[in-house]
S.K.: 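My questions all concern the structure below.
Because the structure is a prediction, the values reported are computed rather than measured.
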Amino acid sequence: IGGRMPQLIGATLLVTLIITAVLAIPVTAGVVGGILVLGDLWGGGSASGAGALLILLAVAVGSVGACWIAVRTLFVPACVVLEGQTVIASVRRGWDLSKGRFWPILGIYLLAAIVVNVISGVVATPVMVVAFLAEGLGPLAVQVITVIASTLTLMVTLPFSAAVTALLYLDARIRSEGLDLALMRAAEE
């Protein structure tokens, strides 16, 4: 990461702000739906069906919107660190790299998330069994064992997740820019 930490934090904040802005309308609609449902429960009105439908619609639209933005901005940190881009240029670059590749990126990332969850379970389960057995030692011992389980899980899964994102980034550059050909030419020279 080197000296790119301020830009990386800025890019992360900007992406978070974009996702929050995309979620603002569905969240507002969900709140209105909740108010309609609660108003009917307290006042005996008839708008609870519309309120529930509004909540479901808001959750669906918000989930799809946040997922879409998250996939389209997945490469922003890589653009900041690997390409030395500014925050705004990194968002544009990440957006361009993911253009037309939403479904493959989402599919691979979801598959990686499933693998991470399975690995987390495999690593954490034995440690949590020990924590359960150590319950007689007191709450501090259980907390220490839980922290150890969390740390072990992150030590195994975080590099895997980062590697998946890096490979997706390289794949996007190879497919959109012919990076593999440029690297082969550079290696020959």
S.K.: Between P126 and G121, what is the shortest heavy-atom contact and its length?
M.R.: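 The pair with the smallest heavy-atom distance is CD-O, 4.4 Å.
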
S.K.: Evaluate the side-chain proximity of L106 to W68: yes if any heavy-atom separation is below 4.5 Å, no if none is.
M.R.: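 Result no, sub-4.5 Å side-chain heavy-atom pair not found.
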
S.K.: What are the two closest non-hydrogen atoms of A11 and V76, and how far apart are they?
M.R.: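 The answer is CB-CG1, 3.7 Å.
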
S.K.: Heavy-atom distance under 4.5 Å between the side chains of V123 and I119, does that happen here?
M.R.: yes

S.K.: What residues, two or more places apart in sequence or in another chain, satisfy side chain to side chain donor-acceptor pair (under 3.5 Å) together with R4?
M.R.: none

S.K.: Report the residues that fulfil side chain to side chain donor-acceptor pair (under 3.5 Å) with E83, sequence neighbours left out, ordered by chain and then residue number.
M.R.: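 E83 satisfies side chain to side chain donor-acceptor pair (under 3.5 Å) with Q85, R93, Y169 once adjacent residues are dropped.
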
S.K.: Do F160 and I108 land in one hydrophobic cluster if side-chain heavy atoms of ILVMFWY residues count as linked below 4.5 Å?
M.R.: yes

S.K.: What is the minimum heavy-atom distance between T165 and Y109, and which atoms define it?
M.R.: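 In terms of heavy atoms, the two residues are closest at OG1-CE1, 3.5 Å.
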
S.K.: So, applying side-chain contact (heavy atoms from CB on, under 4.5 Å) with L97, which one of R72, R92, R175, R173 is it?
M.R.: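 When side-chain contact (heavy atoms from CB on, under 4.5 Å) is applied between L97 and each of R72, R92, R175, R173, only R173 qualifies.
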
S.K.: What are the two closest heavy atoms between V22 and A66, and how far apart are they?
M.R.: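 Nearest heavy atoms, V22 then A66: CG1-N, 4.3 Å.
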
S.K.: Is there a chain of hydrophobic side chains (I, L, V, M, F, W, Y, each step under 4.5 Å between heavy atoms) that links W95 to F102?
M.R.: yes

S.K.: Taking all non-hydrogen atoms of both residues, which atom of A58 and which atom of G30 are closest, and how far apart?
M.R.: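 Heavy atoms of A58 and G30 come nearest at CB-N, 3.5 Å.
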
S.K.: Enter the distance from L13:CG to I18:CD1 here, rounded to the nearest 0.5 Å.
M.R.: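 The CG atom of L13 sits 11.0 Å away from the CD1 atom of I18.
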
S.K.: Roughly how far, to the nearest 0.5 Å, is the CG atom of L23 from the OG1 atom of T16?
M.R.: 11.0 Å

S.K.: Within this structure, what is the CG-CD1 distance for the pair L140 and I145, rounded to the nearest 0.5 Å?
M.R.: 10.0 Å

S.K.: Following the transitive rule for hydrophobic clusters with a side-chain heavy-atom cut-off under 4.5 Å over Ile, Leu, Val, Met, Phe, Trp and Tyr, establish whether L158 and M5 coincide in one cluster.
M.R.: no

S.K.: Any side-chain heavy-atom pair from V87 and V80 closer than 4.5 angstrom?
M.R.: no

S.K.: Applying a strict under-4.5 Å side-chain criterion to I, L, V, M, F, W and Y, I'd like to know whether V27 and L56 cluster together.
M.R.: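 Result: no, two separate clusters.
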
S.K.: Just so I know, are the side chains of I88 and L14 near enough to count as touching, which here means a heavy-atom distance under 4.5 Å?
M.R.: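 Heavy-atom side-chain distance check passes, below 4.5 Å.
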
S.K.: Is the number of heavy atoms from other residues, nucleotides or ligands within 6.0 Å of CD1 (I25) greater than 12?
M.R.: no

S.K.: Grab the two heavy atoms, one from A124 and one from T153, that are nearest each other, plus how far apart they are.
M.R.: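 Result for this residue pair: CB-OG1, 3.8 Å.
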
S.K.: Quick check: is L110 connected to W103 through a chain of hydrophobic side chains (ILVMFWY, heavy atoms under 4.5 Å apart)?
M.R.: yes

S.K.: Given side chains that start at C-beta, do those of V164 and V116 come closer than 4.5 Å, heavy atoms only?
M.R.: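 No, too far: nothing below the 4.5 Å cut-off.
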
S.K.: Rounded to the nearest 0.5 Å, what separates atom CG in D180 from atom CD1 in I174?
M.R.: 5.0 Å

S.K.: Using the rule side-chain contact (heavy atoms from CB on, under 4.5 Å), only one of V59, L57, V64 pairs with V61; which is it?
M.R.: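 Result: among V59, L57, V64, L57 is the only option passing the side-chain contact (heavy atoms from CB on, under 4.5 Å) with V61.
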
S.K.: Report yes or no: does T125 contribute a side-chain atom to a donor-acceptor pair with the main-chain N or O of V122 at less than 3.5 Å?
M.R.: no

S.K.: What is the distance from atom CZ of F75 to atom CG of L170, rounded to the nearest 0.5 Å?
M.R.: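 Rounded to the nearest 0.5 Å, the CZ-CG separation comes out at 9.5 Å.
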
S.K.: Taking only residues at least two apart or on different chains, which pairs with a member in residues 94-114 satisfy salt bridge (Lys or Arg N to Asp or Glu O under 4.0 Å)?
M.R.: R101-D171

